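Reminder, nothing fancy here: chain letters follow the sequence lines and each chain counts from 1. Note that the structure is a prediction, hence the values are computed from the model and not measured.
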Protein chains: 2
Amino acid sequence: MNVRTLCLAILHFGEVTGYEIKKLAEDGKFCYFIEASFGAIYPALTRMANEKLVTWRSEVQEGKPVRKIYSITDSGRQEFVQSLYEEPKPDRFKSEFLLMMLCSNTLDRHYVTKLIDKKIIELENERKMLEGLCDNNKSSAETFVTGYGLNMNKAALKYLLEHRSLLEDQQFSVS
Amino acid sequence: MNVRTLCLAILHFGEVTGYEIKKLAEDGKFCYFIEASFGAIYPALTRMANEKLVTWRSEVQEGKPVRKIYSITDSGRQEFVQSLYEEPKPDRFKSEFLLMMLCSNTLDRHYVTKLIDKKIIELENERKMLEGLCDNNKSSAETFVTGYGLNMNKAALKYLLEHRSLLEDQQFSVS
DNA sequence: GTTAGCATGTAAACAGTTACATGATTGT
DNA sequence: ACAATCATGTAACTGTTTACATGCTAAC
């Protein structure tokens, strides 16, 4: 997976601007794929427009910058669907929080509690976001994917609440 | 998180070779942090040895290559613990599988079934690996972290089994 | 008055991947 | 025979991040 494929994937579901791609990959419906910065998205879109995988039109708005609205072309869609038949890389869950928890006995006890509290709030906010997404699903595939994320989120939250004492009641080393 | 911090984190828990760091970050106890290739790990260790954050000794083995066993130094440990007090980046779950499922109605029905079956086997293998890790935990922090991973794995597996019909019973587009 | 959101884009710098090189042993 | 495991390392390449540039609106 790279920024190119991410853009094609989002464009496969409808017209968007570069700015919207960023938002959708960050928070929205497409948050399970990769993160991408503007410095990666805009050049990718420009290159793909040259290669005729996407096209765009300008939309002038009053008091706001011009929007470049991108659409996927037939050859773009073809390349995208073809990429779906390539061997998927294994799923990965990565967490700096878990590294901190693994080393929690070398940290300050109150800092650990603060980190856990913050993580709980983060998970609750993510849950609200995901529940919002679930409400306006169109297809059963969308229901499956947003449901998957919500399921993982709830599992993490439940585990944290039930097992945080394992970390907070341990022996802390003095520094 | 970068390769440097990953190496320091693993060395914080004991002496290892570059080769072992790769394995531990791939499959082992440290699989929740980042993936790193040999081409990233070896130069990182060499650089950190120059900076006196780590040291190493050679171990000659018969019929096998020489092993360079790395240890963390006091200043290495100091830098590492300090990095644990920096704001953690949000956790992320990334999955090419979910992208495929999101687009499953444009794929071949049998291919979708095959992908789900493969994912189930992958999750079961991961579960066995994690259960192996859980058995030889030393601290409650380790118990917490391996338990977290196992909990997420089980939640994913359960969801997949209960909801796969959502994908397999949908209307597929003809190509 | 400052921050955040909307919106696009460039260019230098960097981190990390991929491919290659080497070589013995063990398993299929 | 061939692939896999153990084990270290280099170098070219590439993809991406970070920082900068621009500018208007709305909220706090």
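- Protein atom OH of A/Tyr70 is 12 Å distant from nucleotide atom C1' of C/dA7, rounded to whole Å.
- Along DNA chain D, the stretch of nucleotides lying under 4.0 Å from any heavy atom of chain B spans, 5' to 3', D/dT5 to D/dT10.
- For the side-chain hydrogen bond (donor to acceptor under 3.5 Å, both in side chains) condition, the pairs that include at least one residue of residues 123-133 of chain B, sequence neighbours left out, are B/Glu126-B/Asn153.
- Its side chain within the 4.5 Å cluster rule, A/Phe38 clusters with A/Tyr19, A/Tyr42 among the Ile, Leu, Val, Met, Phe, Trp and Tyr residues.
- Regarding A/Gln61, its CD atom lies at a distance of 9 Å from the P atom of C/dT8, rounded to whole Å.
- With A/Glu79 contributing its side chain and A/Gly76 its backbone, the two residues share no donor-acceptor pair below 3.5 Å.
- Under a 4.0 Å N-O distance rule, the pair A/Lys89/B/Glu35 does not qualify as a salt bridge.
- Between B/Asp108 and B/Lys114, none of the side-chain N atoms (NZ, or NE/NH1/NH2) sits under 4.0 Å from a carboxylate O, so this pair counts as no salt bridge.
- Listed by chain and number, the residues in a side chain to side chain contact (heavy atoms under 4.5 Å, CB included) with A/Lys64 are A/Gln61 (sequence neighbours excluded).
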Checklist outcome for this item: Counting primed atoms, P, OP1 and OP2 as sugar-phosphate and everything else as base, the B/S/- map of nucleotides 23-28 of chain C against protein heavy atoms under 4.0 Å is B-S---
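- A/Glu20 has its CD atom 9 Å from the P atom of C/dC6, to the nearest Å.
- Computed from coordinates, the B/Leu6 CG to C/dT17 P distance equals 11 Å when rounded to whole Å.
- Taking the six-membered ring wherever Trp is involved, the centroid distance between the rings of A/Tyr148 and A/Tyr32 does not fall below 6.0 Å.
- Pairs of residues two or more places apart, or lying in two chains, that qualify as ring-ring contact (aromatic ring centres under 6.0 Å, His included) and include a residue from residues 99-143 of chain A are A/Tyr111-B/Tyr85.
- Using a 4.0 Å cutoff on non-hydrogen atoms, no part of residues 86-100 of chain A comes near DNA chain D.
- Summary for the helix from C/dG1-D/dC28 to C/dT28-D/dA1: the axes at its two ends, each from 5 pairs, differ by 50° when rounded to the nearest 10 degrees.
- Residues from residues 30-44 of chain B with heavy atoms under 4.0 angstrom of DNA chain D, sorted by number: B/Gly39, B/Tyr42.
- Side chain to side chain, B/Gln170 and B/Ser104 meet the donor-acceptor criterion of an N or O pair below 3.5 Å.
- If you run side chain to side chain contact (heavy atoms under 4.5 Å, CB included) between B/Leu24 and each of B/Phe30, B/Phe13, B/Phe33, only B/Phe30 comes through.
- Not a single side chain to side chain contact (heavy atoms under 4.5 Å, CB included) links B/Cys31 to another residue, sequence neighbours left out.
- Applying the side chain to side chain donor-acceptor pair (under 3.5 Å) criterion to B/Glu15, with sequence neighbours excluded, gives B/Arg57, B/Ser71.
- The shortest distance between side-chain heavy atoms of B/Leu102 and A/Phe144 does not fall below 4.5 Å.
- Residue pairs meeting the ring-ring contact (aromatic ring centres under 6.0 Å, His included) criterion with at least one member in residues 112-138 of chain B, sequence neighbours excluded, do not occur.
- The pair B/Lys23-B/Glu20 does not meet the salt-bridge criterion, since no charged nitrogen lies less than 4.0 angstrom from a carboxylate oxygen.
- Atom CZ of A/Arg47 and atom C1' of C/dT10 are 17 Å apart (whole Å).
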